[in-house]
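Structure first, commentary second.
All values reported here derive from a predicted model rather than from experimental measurement.
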Amino acid sequence: MATLTNFGKELRVARVMTGTTLAQMADFLKKTASFVSAVETGQKKVPDGFVEKVLEFFSERGYAFAEDKNLFDLAAVANLTCPPPAVPG
């Protein structure tokens with residue numbers, strides 16, 4: 001199993017707490033489940049607008065992230081540690 005970033009951990013906790021699947025979240029975000037999983041594990045960067053959509057998704061399900069968990073900051077840190085994209089060769 002891949003290691004989750006802190007951003008990914010927060011998403012996973014929110015999904016568990018709301019009884020939401022990765023596929024349901026991905027559908028709402030208009031992304032594939034494999035892409036969302038790759039974002040959670042730091043294999044893909046958190047794209048622009050992603051955090052806002054995540055917050056909207058969980059807000060609609062009555063879930064609020066803890067005040068000390070700033071998803072924007074966690075996403076920024078995750079993006080700093082994300083490996084560069086593979087160069088075709």
Side-chain angles (χ1 to χ4, degrees):
M1 177 182 225
T3 303
L4 296 173
T5 63
N6 287 333
F7 178 75
K9 288 176 187 174
E10 290 303 316
L11 297 189
R12 181 81 45 97
V13 166
R15 280 204 323 274
V16 169
M17 296 299 292
T18 59
T20 304
T21 67
L22 183 66
Q24 290 168 320
M25 185 175 148
D27 185 55
F28 179 88
L29 298 172
K30 301 198 182 338
K31 303 287 184 190
T32 64
S34 62
F35 178 83
V36 175
S37 178
V39 168
E40 288 183 349
T41 59
Q43 300 304 304
K44 298 276 186 188
K45 288 190 178 243
V46 180
D48 291 340
F50 191 85
V51 174
E52 291 87 349
K53 292 296 283 181
V54 165
L55 291 170
E56 178 184 351
F57 177 78
F58 287 112
S59 176
E60 288 180 4
R61 284 149 186 81
Y63 184 83
F65 291 88
E67 288 184 28
D68 65 332
K69 304 295 183 185
N70 184 319
L71 286 191
F72 292 98
D73 290 344
L74 294 175
V77 170
N79 282 348
L80 290 175
T81 60
C82 183
V87 177

Any side-chain heavy-atom pair from F28 and T20 closer than 4.5 angstrom? no
Describe, in one word, how the ring planes of Y63 and F58 are oriented to each other, choosing from parallel (under 30°), tilted (30 to 60°) and perpendicular (over 60°). perpendicular
So, do L71 and L74 sit near enough that their side-chain heavy atoms are less than 4.5 Å apart? yes
Can you tell me how far CG of D27 sits from OG1 of T21, rounded to the nearest 0.5 angstrom? 9.0 Å
To check you understand the geometry: which heavy-atom pair defines the closest contact between P83 and G42, and what is its length? CD-O, 3.1 Å
Looking only at heavy atoms, the pair that brings A33 and A23 closest together is CB-CA, 4.4 Å
Any side-chain to backbone donor/acceptor pair from N79 onto V46? Under 3.5 Å, distance only. yes
Take E40 and L22 through the test side-chain contact (heavy atoms from CB on, under 4.5 Å) and record every step on the way to the result. CA-CA 10 Å; E40 288 183 349; L22 183 66; 4.1 Å; yes
Chi angles and distances behind the side-chain contact (heavy atoms from CB on, under 4.5 Å) call for V54, M25: CA-CA 8 Å; V54 165; M25 185 175 148; 4.0 Å; yes
Hydrophobic cluster membership, with links at side-chain heavy-atom distances under 4.5 Å among I/L/V/M/F/W/Y: are F50 and V13 in one? yes
Check the hydrophobic clustering (I, L, V, M, F, W, Y; side-chain heavy atoms under 4.5 Å; chains of links allowed) and say if V36 and F72 are grouped together. yes
From the list K31, K44, K45, side-chain contact (heavy atoms from CB on, under 4.5 Å) partner of V39 resolves to K44
Spacing of M17 atom CE and R61 atom CZ [to the nearest 0.5 Å]: 15.0 Å
Give, for atom CD of Q43 and atom OG1 of T3, the distance between the pair rounded to the nearest 0.5 Å. 9.0 Å
Rounded to the nearest 0.5 Å, what separates atom CG in L11 from atom OG1 in T5? 7.5 Å
Between F7 and V77, is there a shared hydrophobic cluster once you connect ILVMFWY residues whose side-chain heavy atoms come closer than 4.5 Å? no
